[in-house]
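All values below were derived from every heavy atom in this structure, side-chain atoms included, with hydrogens, water molecules and symmetry-related copies excluded.
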Amino acid sequence: MEESKTKTTAQVKINGNEEITGAEALLRSLIEEGVDTIFGYPGGAIMPVYDKLLDYQGKLRHLLTRHEQGAAHAAQAYAMVSGKPGVCFATSGPGSTNLITGIANAFLDSVPVVFVTAQVVSSLIGSDAFQETDILGVSMPVTKWNCQVKKAADIPETIAKAFYIATTGRPGPVLVDITKDAQIDKLDYNYKKCSYLRAYNPHKPLNLKSVESAAIMINHAEKPLILAGHGVLISKAENELKEFAEKAGIPVALTLLGLSAFPAGHRLYAGFLGMHGNYAPNLMTNEADLIIAIGMRFDDRVTGNLKKYAKQARIIHIEIDEAELNKNVHVDLEINSDAREVLGALIPLVKPASRESWIREFRICDKIEYDRVIKSETQPGEGEIKMGEVIRMISQLTNGEAIIVTDVGQNQMAAARYYEFKVPNSLVTSGGMGTMGFGLPAAVGAKTGRPDRQVVAFTGDGGFQMTIQELGTIMHYQIPVKVIILNNSFLGMVRQWQDMFFKKRYASTELVNPDFVAIAGGFGISASKVMKREDLEESLKIMLNSEGPYILDVQIDKEGNVLPMVEPGASVSEVTLNYKG
C-alpha cells in the first residue's frame with residue numbers, strides 16, 4: 001500500500017527520463033533557460049501551471065501584477081535592464097488579449113520576452129468556448145514567432161525554440177499558447193536547448209569587403225556623423241562605439257532607444273536625435289557628408305520629411321535585420337551584421353582623425369540651443385516649476401547613474417533631453433509604440449531586474465492613471481522605485497500639439513486629477529507633493545534617500561512645451577527653437 005502511494009506522488013522515471021505533467025515541464029524548461037523571475041496573472045485555463053509554481057518557489061519568483069498589461073510592460077523592462085529575456089504568464093481569453101499592447105511594445109522596440117498564455121482544452125478550440133480567443137491570430141503581426149501547443153510532449157521543444165528565436169538576431173517577443181489539457185497530461189521529460197532551426201539564420205556572417213569599403217568612405221569623409229540606436233545596446237557594442245568614434249573623431253548622435261549607449265558629456269556626444277531632440281544633431285544631419293547609422297531603423301521621428309532627409313550625404317547602414325535596410329532611407333552601403341562585430345572589424349581600418357572644425361559646428365549649435373531653450377528650461381527662474389528643472393536636478397543628484405524609466409509624452413521627451421546618461425542600459429521607455437501607461441509597470445520590472453541600481457520613473461499625470469493599479473504590485477512586493485509625477489493637469493503632449501497646430505483648442509486634454517498623495521497613502525507608499533520651487537531639491541533628496549517606494553507629485557507649468565521640435569512635414573534642419581503661441 002505504501003509502495004503504491006509513493007508511485008502516485010513521486011515522479012516516475014521512464015527510459016532515463018521523468019514522467020511529469022506539462023505544467024511542470026513548462027516550469028522546468030524555464031529554469032533550464034536560466035529564468036528565475038516571471039510576471040503574470042492567473043486565471044482558469046492556466047491554473048495547472050500556477051498550481052505547480054508553488055512547488056518551485058525557491059527557484060522561480062512570480063510577481064503578481066494587477067493587470068496583464070502591467071505584467072507585459074514589467075517583463076519588457078526587466079529584459080531591457082537585466083540582459084536576460086523577460087517571461088510573462090497570462091490565462092486565455094481576456095488574459096491573453098490584455099497582453100497585446102505590451103507584446104506590440106516589445107516587438108517594435110526589439111526586446112526579447114517569452115509570453116506564455118493558456119488556452120481552453122484542445123477539444124473545445126474553435127467552439128467559442130468560455131474565454132476562448134484565437135491569440136495566435138491576434139498576436140501574429142506583433143510577435144517574432146508564435147505557436148500553439150496541444151500535447152504535453154511538445155512543451156520542452158517548443159519552449160527551447162521560443163527562447164532561441166526571442167534572443168537571437170534582432171530580438172523580439174514570442175508567444176507560446178498552451179492548451180489546458182497539455183498542461184495536465186503527462187510526458188517523459190527531457191530538455192535540450194535549441195541552437196539551430198532550419199530556414200532561420202539569425203547570425204549574419206560579416207562581409208569584410210563591405211567593412212573595408214566603409215573604412216574607405218569614413219577615411220575620406222570631412223563631415224561624418226554617427227547615428228546610433230538601440231542595436232548598439234542590444235549587441236553590447238558601447239565600448240566599440242566609443243573606441244571607433246574616438247579614433248575617427250566622429251560626433252555621435254543617439255536615437256531615443258539608443259540613449260545611454262554613449263556617455264553624455266563626452267566631447268564627441270552630439271546629443272539626442274529626433275522630433276524633440278537636440279538642435280545640433282538634427283541640423284547637422286543635413287550638413288554631414290557621410291552618415292554612419294548603427295543599429296537604428298530610420299524611424300519617422302528621426303528622419304522628419306524623407307524627401308528632405310540627408311540628400312547631401314552618403315549613408316552607411318549597419319543593421320542586423322535585413323528588412324530594415326533600404327526600407328525608409330536608401331543607403332549607399334549596407335552591412336547586414338551584428339553591430340559589435342562590425343565595429344570590431346572597422347576600428348583597425350579607420351585612420352586616426354580629430355575633425356575639430358566639424359565638431360566645433362556642433363558646439364556652436366549647442367550654445368544656440370542652450371541660450372534659447374535649455375537655460376530657461378533647466379535653471380530656476382520665475383513662474384511655475386518646469387519639467388527640465390526637475391529632470392536635470394535628478395540627473396545631478398544621481399550623477400547620471402540611475403536607471404530612468406519614463407512614460408510617454410512630454411515627460412518622456414524632457415527626460416530624454418535633460419537626463420545626462422553616464423551608464424549603458426539606463427533608459428527604459430516605450431519607443432516605437434509610444435504607450436501611455438508604460439512607466440509605472442516598467443519601473444516594477446526595471447527594479448526587479450536590477451535591484452542594485454537606483455530606479456527613477458518619470459510619468460505624466462495622464463499616463464500614471466492609465467496603470468495606477470500597479471501601485472498594488474509595488475505595495476505587495478515593497479519594490480523601492482521612486483516615481484515622479486510631472487503633474488500639469490493636462491495630457492501634455494496632446495495639449496502641446498493643440499497649442500501649436502489647432503489654435504489652442506484644448507479638446508478633451510485638461511484633466512481633473514485625484515489626490516495622488518492620498519492614493520499612494522492608501523497603498524502604504526510614502527508620498528509628498530511639491531508646489532514651490534524652493535521645496536523641490538529637498539523633496540527630491542528625501543525621495544531618493546527613502547528606503548522603500550516613494551511617489552513625488554510635482555506641480556509643473558501647465559502650458560509648458562517641449563522644444564526644440566521638428567514639426568510634422570518639416571525637414572530635420574527646419575527646427576523650431578522657440579514658440580510664442
Side-chain angles (χ1 to χ4, degrees), residues 37-41 63-88 90 98-113 115 171-173 230 233 256-257 259-260 391 394 402-409 411-416 419 421 425-451 453-477 479-486 525 549-551:
T37 302
I38 301 162
F39 302 89
Y41 204 99
L63 279 81
L64 173 64
T65 58
R66 296 312 188 253
H67 192 282
E68 290 89 352
Q69 181 181 344
H73 293 327
Q76 174 179 338
Y78 175 91
M80 292 177 76
V81 302
S82 70
K84 299 167 64 176
V87 177
C88 182
N98 281 344
L99 295 176
I100 292 298
T101 297
I103 295 172
N105 208 91
F107 182 72
L108 285 171
D109 290 348
S110 305
V111 180
V113 183
F115 291 92
H230 194 202
L233 292 165
L256 175 64
L257 286 173
L259 288 172
S260 80
I391 293 158
I394 282 288
I403 291 175
I404 298 300
V405 180
T406 81
D407 207 84
V408 167
N411 66 90
Q412 177 187 38
M413 293 296 100
Y419 193 87
F421 295 95
N425 282 314
S426 291
L427 176 65
V428 176
T429 193
S430 171
M433 191 71 171
T435 304
M436 284 184 68
F438 177 81
L440 193 60
V444 169
K447 188 62 179 178
T448 304
R450 287 301 303 269
R453 293 185 64 186
Q454 180 78 274
V455 173
V456 179
F458 290 105
T459 178
D461 41 313
F464 182 72
Q465 292 179 80
M466 281 194 167
T467 50
I468 196 169
Q469 72 278 350
E470 297 310 328
L471 290 176
T473 309
I474 292 170
M475 172 188 68
H476 187 158
Y477 300 101
I479 300 169
V481 294
K482 317 303 178 189
V483 180
I484 299 173
I485 305 169
L486 297 172
I525 297 172
Y550 201 103
I551 309 293

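- A79 approaches P112 most closely through the heavy-atom pair CB-O, 3.6 Å.
- No side-chain heavy atom of I394 sits less than 4.5 Å from a side-chain heavy atom of I391.
- With sequence neighbours excluded, no residue satisfies side-chain hydrogen bond (donor to acceptor under 3.5 Å, both in side chains) with Q454.
- Within the 3.5 Å criterion, the main-chain N or O of A402 finds a donor-acceptor partner in the side chain of Y419.
- With 3.5 Å as the limit, one finds no donor-acceptor pair spanning the side chains of T459 and N411.
- Residues satisfying the side-chain hydrogen bond (donor to acceptor under 3.5 Å, both in side chains) test with N425, not counting sequence neighbours, are none.
- Legend: residues meeting salt bridge (Lys or Arg N to Asp or Glu O under 4.0 Å) with R66, ordered by chain and number and at least two apart, are absent.
- Contact check for L257 versus T429: side-chain heavy atoms found under the 4.5 Å cut-off.
- Residues V483 and F464 meet the side-chain proximity criterion, which asks for heavy atoms closer than 4.5 Å.
- At a cut-off of 3.5 Å, with distance as the only test, no side-chain donor of T467 or E470 sits close to an acceptor on the other residue.
- With hydrogens and angles ignored, the 3.5 Å screen pairs no side-chain donor or acceptor of S82 with any backbone N or O of G449.
- In this view, Y41 satisfies the ring-ring contact (aromatic ring centres under 6.0 Å, His included) rule with no residue, not counting sequence neighbours.
- Separation of atoms CD1 (I103) and CE (M433) is listed at 10.5 Å; rounding is to 0.5 Å.
- Of all heavy-atom pairs spanning F115 and P173, the tightest one is CE1-CB, 3.8 Å.
- In this structure, the side chains of Q76 and S430 stay at 4.5 Å or more apart for every pair of heavy atoms.
- Put simply, the residue from R450, K482, K447 that forms a side-chain contact (heavy atoms from CB on, under 4.5 Å) with V455 is K447.
- Counting all heavy atoms, side chain and backbone alike, I474 lies closest to P549 at CG2-CB, 3.5 Å.
- Proximity of L486 to I484: side-chain heavy atoms (C-beta onward) are separated by under 4.5 Å at one or more points.
- At a threshold of 4.5 Å between non-hydrogen side-chain atoms, the residues T65 and V444 do not count as touching.
- With a 4.5 Å cut-off on side-chain heavy atoms, F438 and V428 count as touching.
- Within the structure, salt bridge (charged side-chain N to carboxylate O under 4.0 Å, His left out) pairs that include any residue of residues 72-87 comprise D36-K84 (at least two apart or interchain).
- Pairing each heavy atom of F39 with each of A75, the nearest pair is CD1-CA, 3.7 Å.
- The NE2 atom of H230 lies 10.0 Å from the CG atom of L256; values are rounded to the nearest 0.5 Å.
- Nearest heavy-atom pair across A106 and V113 is CB-CG2, 4.2 Å.
- F421 is listed as a side-chain neighbour of I404, based on a closest heavy-atom distance under 4.5 Å.
- In this view, S110 and R170 satisfy the side-chain hydrogen bond (donor to acceptor under 3.5 Å, both in side chains) rule, not counting sequence neighbours.
- Y477 contributes a side-chain N or O that, together with a main-chain N or O of L64, makes up a donor-acceptor pair within less than 3.5 Å.
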